[in-house]
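Below: the structure, in structure tokens.
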Amino acid sequence: MRRVKRSSPTSPAAAAAAAAALLVAFSALAGLCDAGKTSTFVRKDEKAVDMPLDSDVFRVPPGYNAPQQVHITQGDHDGSAIIVSWVTPDEPGSSLVLYGTSENHLTFSAEGRVHQYKYYNYTSGYIHHCNIRNLKYDTKYYYAVGVGHTLRKFWFTTPPKVGPDVPYTFGLIGDLGQSFDSNRTLTHYESNPIKGQTVLFVGDLSYADNYMYHDNVRWDTWGRFTERSAAYQPWIWTAGNHEIDFAPEIGEGVPFKPYKNRYHVPYKASGSTAPFWYSIKRASAYIIVLASYSAYGKYTPQYKWLEAELPKVNRTETPWLIVLMHSPWYNSYNYHYMEGETMRVIYESWFVKYKVDVVFAGHVHAYERSERISNIAYNIVNGQCNPVPDQSAPVYITIGDGGNQEGLAKNMTEPQPKYSAFREASFGHAIFDVKNRTHAYYSWHRNQDGYSVEADTLLFYNRFWHPLEESSASV
Ligand SMILES: [Fe+2]
């Protein structure tokens, strides 16, 4: 009888089997057995073309010197102030904002400031900014700008007082531009049955810099286009590369000139020294806005600010820690690939240490959501330079799919990296709907579907209060 030799632990076959078993066990442990999903959705192929200047969405409000491009943003750190901004085209006019809680009795007023700027051969209208402070929380206010026949009325609702279980609904829009698709995305956001209360905008606003001499008239049209949302709910601004407008060849050597003049943010309230990085608290969220196009290396003002800022976040007061930036750290499209890498290397370990819940970025004109991963072990010599599952790490979402004229990013790196949970080359917007300190419902919406269609969802578990692994659904 021939004896069958039992495999010894040292035989090649046994070693291979053991290695395979280890790999399976490790993969299961890592939660990355299943590769991410690349959507099979087939989009109607249309060119993203800018809407012509005579489009109805760009209509100038009637009347001499009527205020236009009205938009609001948070005006302090806690949400009891609002900055109202607008442009009067013909003369300075009044910088006064009338406001009150009754539509026909605007009993309060606040005085703003007016200024102009020049950019090459363009001179802006009269840009007004007025910070209205000491508002009551969770209250609907009506406000009016302009004078006489051209007085224009709008309204906004202040957020509830900051607190750990305050529900609040954020919209996410990035890289919007002013194409027909931009308009479709904004309409989808407005018509979404889940009503966003504040837009977190991840940069790249007007794309005026794609025009000859950065034609700033396209900043004006963008301001008129977005007024229908931005005059009624705050848009929280992030600076993108299309805000830089650095053009020394035409004598414009000061970066961010149009953006800085037109879009004010409450950066001083969070101890920041520049309007490109700052933070706000809103309801149960702490939102940190970072600047991909300002210095962020060690010893820079942004680095020092963020280093001091993160320990200040009190998750008992604001459980949800959200970061906005323009250039994504994790992106598996063949566009802007690794552009966010240097900032990731510098800041990522802080995001893990302080358990950031989610990072929203734009820049890449498509949609992508990551697993919870980090890549912070590498020290030059140890070779540990791959993203690994990490339940203390944020989910990274690229939402640069507003619909600007540059079109979609369709070319993806293959195979899809394991850290990429879901990706699709479509335009759209998202909603981050905070329910309480433990749960937030996130949904992404293509701009070609019905208004209620959710193409990707994730029930977020808060990293501080409920740090379990989530499971997602994508269609
Ligand atoms: Fe960009």
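When a ligand or atom number is given, it counts from 1 through the structure's own listing order.
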**Asked** Is a side-chain donor-acceptor pair under 3.5 Å present for Glu368 with Ser420?
**Response** yes
**Request:** Measure centre to centre between the rings of Tyr232 and Phe154, then say whether the value is under 6.0 Å.
**Result:** yes
**Prompt:** What protein atoms of element N, O or S are positioned under 2.8 Å from the Fe ion (ligand 1)?
**Reply:** Asp204 OD2, Asn241 OD1, His326 NE2, His363 ND1
**Request:** Answer yes or no: is there an ion pair linking Glu414 with Arg423, defined by an N-O contact shorter than 4.0 Å?
**Result:** yes
**Request:** Apply salt bridge (Lys or Arg N to Asp or Glu O under 4.0 Å) to Asp433 and list each qualifying residue two or more places apart in sequence or on a separate chain.
**Result:** Lys435
Pairs of donor and acceptor atoms involving the side chains of residues 49-60, under 3.5 Å and at least two apart or interchain, shall be tabulated with distances.
unit_1	atom_1	unit_2	atom_2	d
Asp50	OD2	Tyr211	OH	2.4
Asp50	OD2	Gln405	NE2	2.8
Ser55	OG	Pro52	O	2.6

**Asked** Residues two or more places apart in sequence or in another chain: which of them pass ring pair (Phe, Tyr, Trp, His ring centres under 6.0 Å) with His429?
**Response** Tyr189, His445
